[in-house]
Amino acid sequence: MQLILLGTGCPKVDYNRFGPANLISTINAKVLIDCGSGVTQRLEQAKISSTNIDALLLTHLHSDHVVDLYQLIISSWHSYRVKPWKVYGPKGTRKFVRSIMQAWENEREQRILFEQRSSINAFNIIVQEFNKYGKIKIKDLIIEYFEVDHQPVKYAYGFNFNHKKKKITISGDTKPCNNLMKFAQNADILLHEVFIEGELQSINKMRTSKTLHNVKSYHTSSKDVGKVAKICQAKKLVLTHFVPPKFNEKKLINTIKKDFSNKMIIGKDLLKITA
Ligand SMILES: [Zn+2]
Ligand SMILES: [Zn+2]
């Protein structure tokens with residue numbers, strides 16, 4: 001099973017760290033997790049065609065994780081995708097997908113009529129919304145989804161990908177959360193988000209100390225992420241969703257090493273890791 005980091009950034013624009021997106025693949029299956037800004041460009045760079053992605057999973061509906069959904073769909077059509085899209089996401093996903101497709105409806109209909117391509121199946125989007133916990137089988141991948149704590153976002157999820165006795169856990173956006181620590185136990189790879197302490201300062205009235213306090217409060221801080229990985233007994237910790245996207249790497253590594261002594265990787269866009 002392979003994990004490819006397609007975007008390791010956050011809402012703040014950074015040309016090295018695109019918006020949140022990851023791909024898990026086996027020889028048979030390809031599952032995309034989130035579709036942040038620049039996901040289609042990164043897929044192209046990783047030489048993965050959107051024509052044969054089996055499913056898209058959404059951790060939650062924050063814009064940084066879903067902003068390129070339409071770009072993904074339309075570019076898959078332009079790449080001759082002939083099968084429908086399966087999208088799995090939290091409550092509200094159906095409404096979100098419907099609204100996005102509606103916003104572009106006139107433009108799309110004109111294109112379909114004018115460009116005369118052989119299939120319009122790529123625009124057929126089958127949405128399934130998550131319960132509190134569940135399992136999804138996609139070819140030879142067994143995926144578990146479970147709730148994480150990203151309050152005030154009501155519906156936010158983490159995932160376990162299981163294949164041939166290996167487990168990759170994806171935290172999604174979350175503060176330190178018991179449910180994540182329960183489901184991530186003994187993960188071969190724990191891909192976890194992080195808010196890096198001491199890198200952001202308040203700026204006048206735009207980014208107040210309250211802003212910083214609130215943003216930090218629904219993420220996992222660099223002081224806590226090593227503790228979380230240790231409790232999970234993760235074999236390997238891979239960090240992503242860096243807030244902010246530019247930071248002192250050495251300092252971050254040293255902070256986490258205090259709590260977590262197994263292998264740790266500072267994620268980068270297009271990095272491939274095999275479990
Ligand atoms: Zn996010
Ligand atoms: Zn979020």
Side-chain angles (χ1 to χ4, degrees), residues 1-9 17-59 65-66 68-69 71-73 75-89 121-122 125-128 130 134-146 157-172 183-184 186-193 234-241 263 265-275:
M1 185 165 45
Q2 191 179 54
L3 164 68
I4 307 180
L5 310 187
L6 294 169
T8 59
R17 297 190 181 280
F18 285 10
N22 296 287
L23 191 105
I24 298 264
S25 61
T26 63
I27 291 168
N28 300 309
K30 283 188 180 61
V31 175
L32 181 64
I33 302 102
D34 289 337
C35 46
S37 177
V39 64
T40 54
Q41 286 84 348
R42 287 298 193 222
L43 282 170
E44 167 81 9
Q45 271 183 298
K47 298 190 169 49
I48 294 153
S49 170
S50 53
T51 54
N52 50 28
I53 291 173
D54 296 292
L56 167 66
L57 269 61
L58 303 176
T59 55
H65 296 252
V66 294
D68 268 9
L69 179 72
Q71 165 62 9
L72 177 68
I73 305 286
S75 67
S76 75
W77 182 60
H78 277 134
S79 304
Y80 311 107
R81 184 181 173 100
V82 293
K83 58 179 183 182
W85 274 96
K86 280 185 196 164
V87 178
Y88 299 84
N121 280 345
I125 305 172
I126 302 152
V127 177
Q128 199 173 312
F130 297 142
K135 278 187 185 176
I136 301 164
K137 190 174 181 326
I138 293 171
K139 294 182 176 168
D140 53 359
L141 269 176
I142 305 287
I143 305 161
E144 280 180 296
Y145 63 82
F146 50 86
Y157 292 84
F159 304 117
N160 279 338
F161 289 82
N162 301 291
H163 176 74
K164 289 189 175 169
K165 294 184 178 165
K166 295 285 182 183
K167 173 161 113 176
I168 299 176
T169 301
I170 294 184
S171 72
F183 282 103
N186 299 309
D188 293 281
I189 298 171
L190 170 61
L191 178 69
H192 207 290
E193 67 118 276
K235 289 173 194 139
K236 198 181 280 178
L237 169 65
V238 182
L239 293 172
T240 191
H241 198 288
K263 194 170 165 68
I265 296 171
I266 303 283
K268 295 202 171 15
D269 286 24
L270 296 171
L271 183 71
K272 293 179 183 175
I273 308 157
T274 303

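The model shown is predicted, which means the values in this text are computed figures rather than measured ones.
The minimum heavy-atom distance linking Ala122 with Ile73 is given by the pair O-CG2, 3.5 Å. The two residues Glu193 and Gly172 make their nearest non-hydrogen contact at CG-O, 3.4 Å. Considering all non-hydrogen atoms of both residues, Ser76 and Thr51 come closest at O-CG2, 4.2 Å. Closest non-hydrogen pair, Trp85 versus Ser50, comes out as CZ2-O, 3.7 Å. Across every non-hydrogen atom of Leu32 and Asp34, the tightest pair is CG-O, 3.6 Å. Contact between Ser75 and Thr40 at its shortest, heavy atoms only, is OG-CG2, 3.5 Å.
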Inset, instruction - Show your working on side chain to side chain contact (heavy atoms under 4.5 Å, CB included) between Ile266 and Thr8 and close with a plain yes or no. - result: CA-CA 10 Å; Ile266 303 283; Thr8 59; over 6 Å; no
Inset, instruction - Output, in order, the C-alpha distance, side-chain angles, deciding distance and verdict of side chain to side chain contact (heavy atoms under 4.5 Å, CB included) for Ile273 and Ile168. - result: CA-CA 10 Å; Ile273 308 157; Ile168 299 176; over 6 Å; no
Inset, instruction - Applying side chain to side chain contact (heavy atoms under 4.5 Å, CB included), run through Ile48 and Ile4 and close with a yes or a no. - result: CA-CA 10 Å; Ile48 294 153; Ile4 307 180; 3.5 Å; yes
Inset, instruction - Could you please spell out the steps behind the side chain to side chain contact (heavy atoms under 4.5 Å, CB included) verdict for His65 and Leu58? - result: CA-CA 7 Å; His65 296 252; Leu58 303 176; over 6 Å; no
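Note: Phe130 and Phe159 have perpendicular aromatic rings, judged against thresholds of 30 and 60 degrees for the angle between ring planes.
Considering Lys164, Lys236, Lys167, Lys235 as possible partners of Asp188, the one that fulfils the salt bridge (charged side-chain N to carboxylate O under 4.0 Å, His left out) test is Lys235. Residue Phe161 forms a side chain to side chain contact (heavy atoms under 4.5 Å, CB included) with just one option from Leu57, Asn22, Leu191, and that option is Leu57.
Taken from CD1 in Ile189 to CD1 in Ile24, the straight-line distance is 7.5 Å, to the nearest 0.5 Å. We find the CZ-CG distance between Arg42 and Leu6 to be 8.5 Å, quoted to the nearest 0.5 Å. A distance of 12.0 Å separates NE2 of His241 from CZ of Arg17, quoted to the nearest 0.5 Å. Lys272 NZ to Leu23 CG: the interatomic distance, rounded to the nearest 0.5 Å, is 10.0 Å. Between Lys30 atom NZ and Ile53 atom CD1 the span is 8.5 Å, to the nearest 0.5 Å. One finds the CD atom of Gln45 at 4.5 Å from the CG atom of Leu270 (value rounded to the nearest 0.5 Å).
When side chains are defined from C-beta on, Leu141 counts as touching Met1, because their heavy atoms get closer than 4.5 Å.
Looking at Asp68, its side chain never comes within 3.5 Å of a backbone N or O of Cys35 through a donor-acceptor pair.
Centroid-to-centroid, the aromatic rings of Phe183 and Tyr157 stay 6.0 Å apart or farther.
Within a 6.0 Å sphere centred on NZ of Lys137, heavy atoms belonging to other residues, nucleotides or ligands number more than 12.
At a threshold of 4.0 Å, the pair Asp54-Lys83 counts as salt-bridged, since one of the basic side-chain nitrogens sits closer than that to a carboxylate oxygen.
When only modelled atom types and interatomic distance are considered, Asn160 and Thr169 share a side-chain donor-acceptor pair under 3.5 Å.
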